Amino acid sequence: MRADTVVVLDFETTGLSPDQGDRAIEIGAVRIENGQITDRFQELINPGRRVSEFIESYTGITNSMLKDAPPCSEVMPRFAEFIEDYNLVAHNASFDKRFLDAEFNRTPSTGYTGQFACSLLASRRIYQTASSHKLGNLVRHANIPSEGEFHRALYDSEMTAKLWMAMLERIAPLEDTSQVPFVIMQRLSKVPKDKVQSFLDEKLGGW
DNA sequence: TGCCAGGCCCTCTTTAGGGCCTT
């Protein structure tokens with residue numbers, strides 16, 4: 001089996017739906033190679049309009065910070081270079097995928113070929129007793145040290161990456177968590193909760 | 001005019017509704 005390098009990413013945005021006109025205002029991402037974070041990406045993006053007071057308060061990203069930030073036409077090509085053709089992970093990946101697709105669609109000659117896996121869906125199988133599956137709560141549940149501020153893109157992507165590695169460690173039958181193929185995590189996210197153990201027994205040979 | 005996200009997942013389900021998660 002090969003070591004699975006993945007890019008864990010997180011968007012801060014003006015709202016919940018690119019279909020309703022919402023835009024990305026920050027991208028954060030880290031690369032995981034052989035169970036270690038080996039590279040980082042963080043850029044603000046000027047969304048072309050003011051963000052709401054709610055978003056300023058929620059993310060700490062203010063209109064004055066975004067005023068001189070580069071537009072997506074400058075940031076997305078750099079982000080495409082960062083993610084290359086690696087597979088991608090995000091917490092509630094359907095959200096980040098919609099914004100990634102929308103911002104790439106605005107930028108000609110950019111895109112990605114990797115597949116997405118979702119740490120939220122995986123965590124609902126692996127940490128079935130967690131009181132909630134919000135990122136911050138899962139980080140505490142898994143005893144992952146955290147000292148930064150959630151709701152910033154790079155910090156959330158780093159915490160998601162550490163959660164991802166903790167989940168790999170939880171299910172890996174061997175010490176080398178890179179033995180857990182990306183596709184197994186993708187499939188695990190769709191397995192009925194009461195079938196998780198038998199799925200892992202079959203695919204990985206037990207906990 | 002009035003609406004306004006989308007997908008997963010559970011249940012008092014499947015001819016549906018509502019909570020969870022992301023900003």
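Order of the sequence lines fixes the chain letters, A, B, ..., with proteins taken first and strands second; residue numbering starts at 1 for each chain. Keep in mind it's a predicted model, so treat the numbers as computed, not measured. Side chains included, hydrogens not; waters and symmetry mates left out as well; all remaining heavy atoms used.
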Subject >> Phosphate OP1/OP2 of B:dC21: any A:H91 side-chain N/O under 4.0 Å >> reply: no
Subject >> B:dC3 to B:dC8 separation - P atoms, rounded to the nearest Å >> reply: 27 Å
**OP:** Rounded off to whole Å, could you give me the CG-to-P distance for the A:D101 and B:dG7 pair?
**Re:** 12 Å
Original post:
Parallel, tilted or perpendicular for A:H151 and A:Y58, by the 30°/60° rule?
Top reply: tilted
**OP:** Please determine if A:D22 and A:R49 form a salt bridge, counting it only when a charged side-chain N lies under 4.0 Å from a carboxylate O.
**Re:** yes
Original post:
Which part of the nucleic acid, if any, lies within contact of A:I25, taking any heavy atom under 4.0 Å across all strands shown: a base, the sugar-phosphate backbone alone, or nothing?
Top reply: nothing
Subject >> B:dG2 versus B:dT14 - spacing of their C1' atoms, nearest Å >> reply: 29 Å
**OP:** With C1' as the reference atom in both, quote the distance from B:dC12 to B:dG19 in angstrom, rounded to an integer.
**Re:** 15 Å
Original post:
Between A:Y58 and A:K193, which has a closest nucleotide on DNA chain B that is more 5'?
Top reply: A:K193
Original post:
Of all the choices, B:dT23, B:dC8, B:dG6, which nucleotide is nearest to the side chain of A:F54 once you look at every atom?
Top reply: B:dT23
Subject >> Residue closer to the 5' end of DNA chain B, A:V191 versus A:L135 (nearest nucleotide) >> reply: A:V191
**OP:** Determine the contact category for A:D10: base if any of its heavy atoms lies under 4.0 Å from a base atom, sugar-phosphate if only primed atoms, P, OP1 or OP2 are that close, otherwise nothing.
**Re:** sugar-phosphate
Solution key, residues 39-46 of chain A side-chain donor-acceptor pairs under 3.5 Å, sequence neighbours excluded:
{"from": "A:R40", "atom 1": "NE", "to": "A:E158", "atom 2": "OE2", "distance (Å)": "2.9"}
{"from": "A:R40", "atom 1": "NH2", "to": "A:E158", "atom 2": "OE1", "distance (Å)": "3.3"}
{"from": "A:Q42", "atom 1": "NE2", "to": "A:E26", "atom 2": "OE2", "distance (Å)": "2.6"}
{"from": "A:E43", "atom 1": "OE1", "to": "A:R78", "atom 2": "NH2", "distance (Å)": "3.0"}
{"from": "A:E43", "atom 1": "OE2", "to": "A:R78", "atom 2": "NE", "distance (Å)": "2.7"}
{"from": "A:N46", "atom 1": "OD1", "to": "A:G48", "atom 2": "N", "distance (Å)": "2.8"}
{"from": "A:N46", "atom 1": "ND2", "to": "A:L66", "atom 2": "O", "distance (Å)": "3.2"}
{"from": "A:N46", "atom 1": "ND2", "to": "A:K67", "atom 2": "O", "distance (Å)": "3.3"}

Original post:
A:R152 has an atom CZ; how far is it from atom P of B:dT23, in whole Å?
Top reply: 13 Å
Subject >> Check: A:Y112/A:D101 side-chain N/O donor and acceptor closer than 3.5 Å >> reply: yes
Subject >> A:L121 CG to B:dT22 P, straight-line distance once rounded to whole Å >> reply: 12 Å
**OP:** Choose from B:dC9, B:dG6, B:dT22 the nucleotide whose nearest atom is closest to any side-chain atom of A:D19.
**Re:** B:dG6
**OP:** Looking only at side-chain atoms of A:Q20, point me to the closest of B:dT23, B:dC9, B:dC4.
**Re:** B:dC4
Original post:
With a 4.0 Å cut-off on heavy atoms, is A:S189 in touch with a base, just the backbone sugar-phosphate, or nothing at all?
Top reply: sugar-phosphate
**OP:** Using a 4.0 Å heavy-atom cut-off across all strands, classify A:D156 as base, sugar-phosphate, or nothing.
**Re:** sugar-phosphate
Original post:
Taking atom P of B:dC21 as reference, at what distance in whole Å does atom CZ of A:R125 sit?
Top reply: 13 Å
Original post:
Expressed in angstrom and rounded to an integer, what is the separation of A:D96 atom CG from B:dG6 atom C1'?
Top reply: 13 Å
**OP:** Taking the side chain as every heavy atom from C-beta outward, state whether A:V6 and A:Y86 have any pair of such atoms under 4.5 Å apart.
**Re:** no
**OP:** Kindly assign one of parallel, tilted or perpendicular to the pair A:Y127 and A:H141, based on the angle between their ring planes and the thresholds 30° and 60°.
**Re:** perpendicular
Original post:
Any donor-acceptor pair under 3.5 Å linking the side chain of A:R125 with the backbone of A:V196?
Top reply: no
Subject >> Separation of atom CG in A:N92 from atom P in B:dC21, rounded to whole Å >> reply: 9 Å
**OP:** Would you kindly say whether A:N137 and A:S131 are connected by a side-chain donor-acceptor distance under 3.5 Å?
**Re:** yes
**OP:** Please tell me which of the listed nucleotides, B:dT22, B:dG6, B:dC4, lies nearest to the side chain of A:S94?
**Re:** B:dG6
**OP:** Rounded to whole angstrom, note down the P distance from B:dA16 over to B:dT1.
**Re:** 30 Å
Original post:
In whole angstroms, how far is the P atom of B:dC9 from the CG atom of A:L188?
Top reply: 11 Å
Original post:
Which one, B:dT23, B:dC21, B:dG6, comes nearest to the side chain of A:R124?
Top reply: B:dC21
Subject >> Separation of the P atoms in B:dT13 and B:dG7, to the nearest angstrom >> reply: 25 Å
Subject >> C1' atoms of B:dT23 and B:dG6, separation to the nearest Å >> reply: 13 Å
**OP:** Would you verify whether the NZ or CZ of A:R31 falls within 45 degrees of the ring axis of A:F82 while also being under 6.0 Å from that six-membered ring's centre?
**Re:** yes
**OP:** Using a cut-off of strictly less than 4.0 Å, decide whether A:H133 has a side-chain nitrogen or oxygen near OP1 or OP2 of B:dC20.
**Re:** no
**OP:** Please report, rounded to the nearest Å, how far the P atom of B:dC10 is from the NZ atom of A:K190.
**Re:** 16 Å
Original post:
Can you tell me if the side-chain N/O atoms of A:S132 get under 4.0 Å from OP1 or OP2 in B:dC21?
Top reply: yes
Taking N or O atoms only and anything under 3.5 Å, show me the protein contacts with nucleotides 16-18 of chain B, one pair per line.
none

